Visitor: 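Structure provided below as structure tokens; questions to follow.
In what follows, every heavy atom counts, from backbone to side chain, and hydrogens, waters and symmetry copies are set aside. Chain naming here is simple, since letters A, B, ... match the order of the sequence lines and numbering starts at 1 in each. None of the values given here were measured: they were computed from a predicted structure.
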Amino acid sequence: MNPTIYKQIYEIIRLIPSGKVATYGQISEIVGYCTARMVGYAVSSIPLSSVIPWQRVINYKGEISLRSSGSGGELVQQKLLESEGVKSDQSGRTDLEQYRWEGE
DNA sequence: CGGCTGACTCTGG
DNA sequence: TCCAGAGCCAGCC
């Protein structure tokens, strides 16, 4: 059971319930044999049309990361999280202590 | 087949 | 509280 690290990362992200968020490091620990970077790179490869709630995946600071290109996806992602009940402060940081997904 | 790129994370100042 | 540097591995051309 190891098609590709990316595939497994997608599976984990898909398990994240609404109203909760997970950090790249959190997911990397759940997968077990990949680093936080792999998660970030994998998530970046996720198409916006995917069924994967990549919007719930944020960095360890609780902030939304954006690879590059001013596609403005940052605001979209933050809006999606807010729509699920995940509020962020003026700095755009999410309270991980409150919304962090503990996993199952 | 070889090399480059990339939504990250942590410690110290 | 904010800024900067170092470590790491899988996919793609």
Side-chain angles (χ1 to χ4, degrees):
Chain A
M1 281 190 72
N2 184 6
T4 59
I5 300 291
Y6 281 36
K7 191 62 180 295
Q8 296 214 10
I9 293 169
Y10 300 156
E11 292 292 299
I12 301 299
I13 296 170
R14 222 195 291 178
L15 298 175
I16 303 174
S18 179
K20 292 282 183 177
V21 297
T23 64
Y24 297 99
Q26 193 84 49
I27 295 170
S28 69
E29 284 191 69
I30 295 171
V31 176
Y33 46 99
C34 79
T35 61
R37 288 190 178 181
M38 298 288 87
V39 180
Y41 307 152
V43 175
S44 69
S45 298
I46 298 174
L48 299 174
S49 305
S50 178
V51 298
I52 303 168
W54 56 271
Q55 65 229 43
R56 295 175 194 149
V57 184
I58 55 181
N59 60 19
Y60 84 107
K61 291 181 275 189
E63 239 271 346
I64 296 171
S65 301
L66 188 59
R67 58 200 289 277
S68 60
S69 302
S71 54
E74 176 188 308
L75 296 174
V76 177
Q77 183 168 7
Q78 189 173 12
K79 219 156 179 69
L80 287 167
L81 292 174
E82 189 179 287
S83 185
E84 295 184 352
V86 180
K87 310 286 174 55
S88 53
D89 67 20
Q90 196 173 52
S91 303
R93 292 192 214 149
T94 304
D95 189 347
L96 293 174
E97 295 296 299
Q98 189 174 304
Y99 299 109
R100 191 175 62 181
W101 177 47
E102 302 291 340
E104 302 198 59

Visitor: Is any side-chain heavy atom of A/Tyr10 less than 4.5 Å from a side-chain heavy atom of A/Val51?
Guide: no
Visitor: Atom CG of A/Asn59 to atom P of B/dG6: distance rounded to whole Å?
Guide: 17 Å
Visitor: Can you sort out which residues in residues 12-24 of chain A have a heavy atom within less than 4.0 Å of DNA chain B? Ascending by number, please.
Guide: A/Thr23, A/Tyr24
Visitor: Whole Å only: how far is the OH atom of A/Tyr10 from the C1' atom of C/dA10?
Guide: 11 Å
Visitor: Looking only at side-chain atoms of A/Thr35, point me to the closest of C/dC9, C/dC2, C/dG11.
Guide: C/dC9
Visitor: Could you list the donor-acceptor pairs under 3.5 angstrom formed by side chains in residues 56-64 of chain A, with sequence neighbours left out?
Guide:
unit_1	atom_1	unit_2	atom_2	d
A/Arg56	NE	A/Glu84	OE1	2.9
A/Arg56	NE	A/Glu84	OE2	3.2
A/Arg56	NH1	A/Ile16	O	2.7
A/Arg56	NH2	A/Glu84	OE2	2.8
A/Asn59	OD1	A/Lys61	N	3.2
A/Asn59	OD1	A/Gly62	N	3.2
A/Asn59	OD1	A/Glu63	N	2.8
A/Asn59	ND2	A/Glu63	O	3.4
A/Asn59	ND2	A/Ser65	OG	2.9

Visitor: Tell me, what's DNA chain C's dot-bracket, Watson-Crick or G-U with both distances under 3.5 Å, | for other-strand, [ ] crossing?
Guide: .||||||.|||||
Visitor: To the nearest Å, give me how far apart CD1 (A/Ile5) and C1' (C/dC12) are.
Guide: 16 Å
Visitor: Quick one: A/Lys61 NZ to C/dC2 P, roughly how many Å, whole number?
Guide: 10 Å
Visitor: Taking NZ, NE, NH1 and NH2 as the nitrogens, is one of them in A/Arg14 or A/Glu11 under 4.0 Å from a carboxylate oxygen of the other?
Guide: yes
Visitor: Rounded to whole Å, please give me the gap between CG in A/Leu96 and C1' in B/dT9.
Guide: 13 Å
Visitor: Are side-chain N/O atoms of A/Ser88 and A/Gln78 paired as donor and acceptor at under 3.5 Å?
Guide: yes
Visitor: To the nearest Å, give me how far apart NZ (A/Lys7) and P (C/dA10) are.
Guide: 18 Å
Visitor: Quick one: are A/Ile5 and A/Cys34 in side-chain contact, heavy atoms under 4.5 Å?
Guide: yes
